[in-house]
Amino acid sequence: MSTVRAANEQLYRKLLTERYGSLARLEAERYPVTTDPAGVAAGASEEQWRRQVRDIATRYGWRLQYHTADSRRSDPGWPDEVFGHVGQRRTLFVEFKTDTGRIRPAQREWLSHLADSGFEVAVWRPRDLPTVLEVLGPARRRATLPPNFRRATP
């Protein structure tokens, strides 16, 4: 009897996936991350904040994620993380900063260029958690640079 039940459950999961997409995404929409109950984001280091957002992205189906492991050997200015969502056909470039972190000129140049080229680009700080959830979550808000972002001068 338990093999029949297991087979039915497997068939049910397959049908759900075919109709609605990733079950992980469905679970994330059913139980969204809406707050930061432990206050992890507040006062987090840039790396802690990046990892927290990466976990949120994973919950919402952003399967393609790229982070340069050692930026000291890379050209300066490239954003910290690139997220890709296959189902939504979206690519998102994100620079992470602490609430007091500053954007370097090379970062400003890359972020400006990517945004001007039509990509979704964001600078996210721990205080931006509600925006992060709107961009990565079911609301699918388009990521943009902050209104006070000064473009790189040509």
Side-chain angles (χ1 to χ4, degrees), residues 9 13-14 16-152:
E9 186 174 324
R13 293 177 72 76
K14 181 182 177 208
L16 277 177
T17 302
E18 287 174 0
R19 181 160 187 162
Y20 299 108
S22 163
L23 294 180
R25 181 187 58 79
L26 287 174
E27 194 70 11
E29 288 178 2
R30 185 173 177 198
Y31 302 107
V33 179
T34 55
T35 61
D36 184 19
V40 174
S45 71
E46 186 175 306
E47 180 62 16
Q48 290 168 328
W49 172 229
R50 184 190 70 77
R51 287 177 188 221
Q52 183 180 8
V53 171
R54 192 176 177 119
D55 289 344
I56 293 167
T58 300
R59 279 193 70 158
Y60 284 120
W62 294 80
R63 291 183 328 185
L64 303 176
Q65 300 176 3
Y66 173 78
H67 172 71
T68 302
D70 186 356
S71 62
R72 294 173 297 177
R73 292 184 176 167
S74 300
D75 293 331
W78 187 251
D80 291 323
E81 194 90 25
V82 181
F83 294 107
H85 196 295
V86 176
Q88 296 178 24
R89 296 184 177 158
R90 291 171 65 193
T91 302
L92 173 61
F93 296 85
V94 181
E95 181 62 37
F96 292 100
K97 294 293 178 190
T98 63
D99 281 332
T100 58
R102 298 178 62 170
I103 298 171
R104 295 187 312 268
Q107 292 171 325
R108 188 172 303 284
E109 186 173 13
W110 264 113
L111 294 171
S112 296
H113 170 73
L114 289 166
D116 292 344
S117 298
F119 289 101
E120 287 186 70
V121 182
V123 176
W124 283 341
R125 301 171 186 277
R127 65 178 175 242
D128 297 323
L129 181 60
T131 301
V132 170
L133 295 169
E134 288 179 4
V135 171
L136 298 176
R140 298 183 180 183
R141 179 175 150 193
R142 183 171 172 82
T144 58
L145 290 172
N148 61 347
F149 186 84
R150 289 180 293 123
R151 297 251 188 243

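Positions are given from 1 along the sequence.
Considering only heavy atoms from C-beta on, L64 stays 4.5 Å or farther from Y66 through its side chain. At a threshold of 4.5 Å between non-hydrogen side-chain atoms, the residues S112 and F149 count as touching. Two residues are said to be in side-chain contact when any heavy atoms from C-beta on lie closer than 4.5 Å; E81 and V53 fail this criterion. Between Q107 and K97, some side-chain heavy-atom pair lies under the 4.5 Å cut-off. Counting heavy atoms from C-beta outward, R141 and T131 have side chains that approach closer than 4.5 Å. Inter-residue side-chain proximity for V135 and R90 is flagged as met; some heavy-atom pair is nearer than 4.5 Å. The shortest distance between side-chain heavy atoms of R151 and D116 falls below 4.5 Å. For the pair P138 and Y60, the minimum side-chain heavy-atom distance is below 4.5 Å.
Within 6.0 Å of the CZ atom in R54, the count of heavy atoms belonging to other residues, nucleotides or ligands exceeds 12.
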**OP:** Could you walk me through whether L145 and V123 pass side chain to side chain contact (heavy atoms under 4.5 Å, CB included), step by step?
**Re:** CA-CA 6 Å; L145 290 172; V123 176; 4.0 Å; yes
**OP:** Please report the C-alpha distance between R50 and E46 in whole Å, then the side-chain angles of each, then the deciding distance to 0.1 Å, and finally whether the salt bridge (Lys or Arg N to Asp or Glu O under 4.0 Å) criterion is met.
**Re:** CA-CA 6 Å; R50 184 190 70 77; E46 186 175 306; over 6 Å; no
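To the nearest 0.5 angstrom, T58 atom OG1 is 9.5 Å from L136 atom CG. Rounded to the nearest 0.5 angstrom, R51 CZ and F96 CZ are separated by 12.0 Å.
Taking all atoms of both residues into account, the shortest heavy-atom contact from A44 to T98 is O-CG2, 3.7 Å.
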